Amino acid sequence: MVNYRTPREWERMREAGRVVARILRDVRAAAEPGVPLAELDAVAARTLKEHQATSPFLHYKPSWAPMPYPANICVSVNDVVVHGIPAGGVLRDGDLVTVDAGATVGGYCGDAAVSFMVGTPDEGGTRLIETTRLALERAIAAAVPGNRMGDVAAAIEGTAREAGYGIADGSGGHGIGTEMHEDPPVPNKGRPGRGMRLREGLTIAIEPLVTESGRDETGILPDGWSVVTADGSRAAHFEHSIAVTADGPVVLTAL
């Protein structure tokens with residue numbers, strides 16, 4: 001069932017979204033060569049506590065997962081597309097890192113992600129990151145009343161394919177509100193003019209997951225959570241939670 005939220009609810013989601021934005025800011029500032037991945041999760045935990053928020057990621061267990069998710073955020077490095085567990089490794093110079101964060105405040109959720117290079121960036125990684133960011137921007141711009149979900153998906157897929165990149169199989173966003181994952185699904189592949197019609201009050205998380213090699217195939221590491229590219233190529237991931245309004249899309253996960 002798709003829920004449509006009121007302006008008052010958008011503002012409550014904005015409160016959670018601001019915490020998410022602060023987590024992403026704080027974790028990115030801490031991400032330097034030699035820093036343990038576990039320290040990034042500790043930074044997120046401190047930010048959540050400071051703002052009296054909780055992580056909807058921690059202990060989350062969907063039906064397909066072998067165990068509850070054990071951290072406050074996801075940290076995905078290089079060929080890890082999404083759901084990377086921040087434990088057991090350290091950042092290296094030149095790593096391409098995605099941080100995916102959520103927060104629950106007053107019963108409402110926010111969810112967003114950002115990719116960046118650690119230390120010395122390279123041209124290929126920078127181009128991948130900027131293309132993925134552009135895919136998100138174009139998808140958000142398409143999220144207006146009267147458009148269809150396929151218009152949002154086509155904006156993502158078209159931006160990635162035009163640059164020679166792939167879209168991770170099965171990837172996409174989701175509805176968001178009082179739960180982190182709600183209906184409707186928000187696919188990253190689609191055709192304009194197809195799918196569910198967008199209405200004012202719809203709140204969704206849009207999240208392109210783009211692969212550098214141009215291949216879409218993925219696999220899962222033995223931890224049961226970390227999705228990786230099948231060929232070992234890098235991936236980037238950006239995400240915002242937004243509200244569809246009569247005045248245009250409103251980003252709910254910005255400072």
Side-chain angles (χ1 to χ4, degrees), residues 1-5 56 60 62-65 74 76 80-83 98 100 102 109-115 128 131-177 179-220 225-230 233 235-244 248-253:
M1 182 179 70
V2 177
N3 295 302
Y4 295 90
R5 307 291 177 179
Y60 177 62
S63 59
W64 50 263
C74 299
S76 303
V80 182
V81 182
V82 69
H83 301 158
T98 295
D100 189 358
C109 297
D111 186 9
V114 62
S115 290
L128 174 63
T131 300
T132 309
R133 189 201 314 273
L134 178 61
L136 175 60
E137 290 175 358
R138 289 176 173 173
I140 291 172
V144 296
N147 272 2
R148 292 185 179 272
M149 198 65 80
D151 297 309
V152 175
I156 292 171
E157 184 173 18
T159 302
R161 302 291 190 205
E162 182 180 359
Y165 296 138
I167 298 287
D169 276 340
S171 68
H174 48 88
I176 188 168
E179 300 290 337
M180 178 172 60
H181 291 148
E182 298 182 352
D183 288 332
V186 183
N188 285 337
K189 302 176 185 179
R191 297 175 60 186
R194 301 293 182 89
M196 170 186 166
R197 191 174 296 279
L198 307 183
R199 288 173 40 194
E200 183 174 18
L202 182 68
T203 50
I204 55 176
I206 302 174
E207 50 180 318
L209 292 95
V210 177
T211 64
E212 189 172 21
S213 69
R215 292 182 58 186
D216 296 358
E217 298 87 354
T218 62
I220 298 182
W225 277 98
S226 302
V227 178
V228 295
T229 59
S233 65
H237 173 197
F238 279 84
E239 177 182 15
H240 270 308
S241 301
I242 71 157
V244 177
V250 174
V251 174
L252 302 173
T253 42

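Note that the structure is a prediction, hence the values are computed from the model and not measured.
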Flag, side chain of T211 to backbone of S213, donor-acceptor distance under 3.5 Å: no
Rounded distance [0.5 Å steps], CD in E239 versus OG1 in T132: 13.0 Å
Any donor-acceptor N/O pair, D151 side chain to R148 backbone, under 3.5 Å: yes
Minimum-distance pair of heavy atoms, taken over all atoms of W225 and W64: CZ3-CH2, 3.4 Å
Distance-minimising heavy-atom pair for G190 and A153: N-CB, 3.6 Å
Check against side-chain contact (heavy atoms from CB on, under 4.5 Å), E137 and F238: CA-CA 10 Å; E137 290 175 358; F238 279 84; over 6 Å; no
Residue pair H237 / D100: nearest heavy atoms and the distance that separates them: CE1-OD2, 3.5 Å
Closest non-hydrogen atom pair, P184 against M149: CG-CE, 3.7 Å
Between CD1 on residue I156 and CG on residue L136, distance to nearest 0.5 Å: 7.0 Å
T218 (side chain) donor-acceptor with T229 (main chain) under 3.5 angstrom: no
Side-chain touch V152/N147, heavy atoms, less than 4.5 angstrom: no
Stepwise side-chain contact (heavy atoms from CB on, under 4.5 Å) test for I242 and I206: CA-CA 8 Å; I242 71 157; I206 302 174; 3.8 Å; yes
C109 side, atom SG; E182 side, atom CD - distance, nearest 0.5 Å: 7.5 Å
Per-pair distances, 0.1 Å, donor-acceptor, side chain in residues 162-174, under 3.5 Å, sequence neighbours excluded:
{"residue": "Y165", "atom": "OH", "partner": "R127", "partner atom": "NH1", "Å": "2.8"}
{"residue": "Y165", "atom": "OH", "partner": "L128", "partner atom": "N", "Å": "3.3"}
{"residue": "D169", "atom": "OD1", "partner": "K189", "partner atom": "NZ", "Å": "2.9"}
{"residue": "S171", "atom": "OG", "partner": "A168", "partner atom": "O", "Å": "2.7"}
{"residue": "S171", "atom": "OG", "partner": "N188", "partner atom": "ND2", "Å": "3.0"}
{"residue": "H174", "atom": "ND1", "partner": "M180", "partner atom": "O", "Å": "3.0"}
{"residue": "H174", "atom": "NE2", "partner": "D111", "partner atom": "OD2", "Å": "3.1"}
{"residue": "H174", "atom": "NE2", "partner": "E207", "partner atom": "OE2", "Å": "3.4"}

Test log, rule side-chain contact (heavy atoms from CB on, under 4.5 Å), inputs V228 and V81: CA-CA 5 Å; V228 295; V81 182; 5.5 Å; no
Let me have the donor-acceptor pairs involving side chains of residues 193-204, under 3.5 Å, with sequence neighbours excluded, atom names and distances please.
{"residue": "R197", "atom": "NH1", "partner": "G146", "partner atom": "O", "Å": "2.7"}
{"residue": "E200", "atom": "OE2", "partner": "A246", "partner atom": "N", "Å": "3.4"}
{"residue": "T203", "atom": "OG1", "partner": "I176", "partner atom": "O", "Å": "2.6"}

Under 3.5 Å side-chain donor-acceptor pair for H240 and T253: yes
Heavy-atom closest contact (V80 atom, S226 atom, distance): CG1-CB, 4.1 Å
Ion pair R138/E157, N-O distance below 4.0 Å: no
Exercise: identify the closest heavy-atom pair between T98 and A113: CG2-CB, 4.4 Å
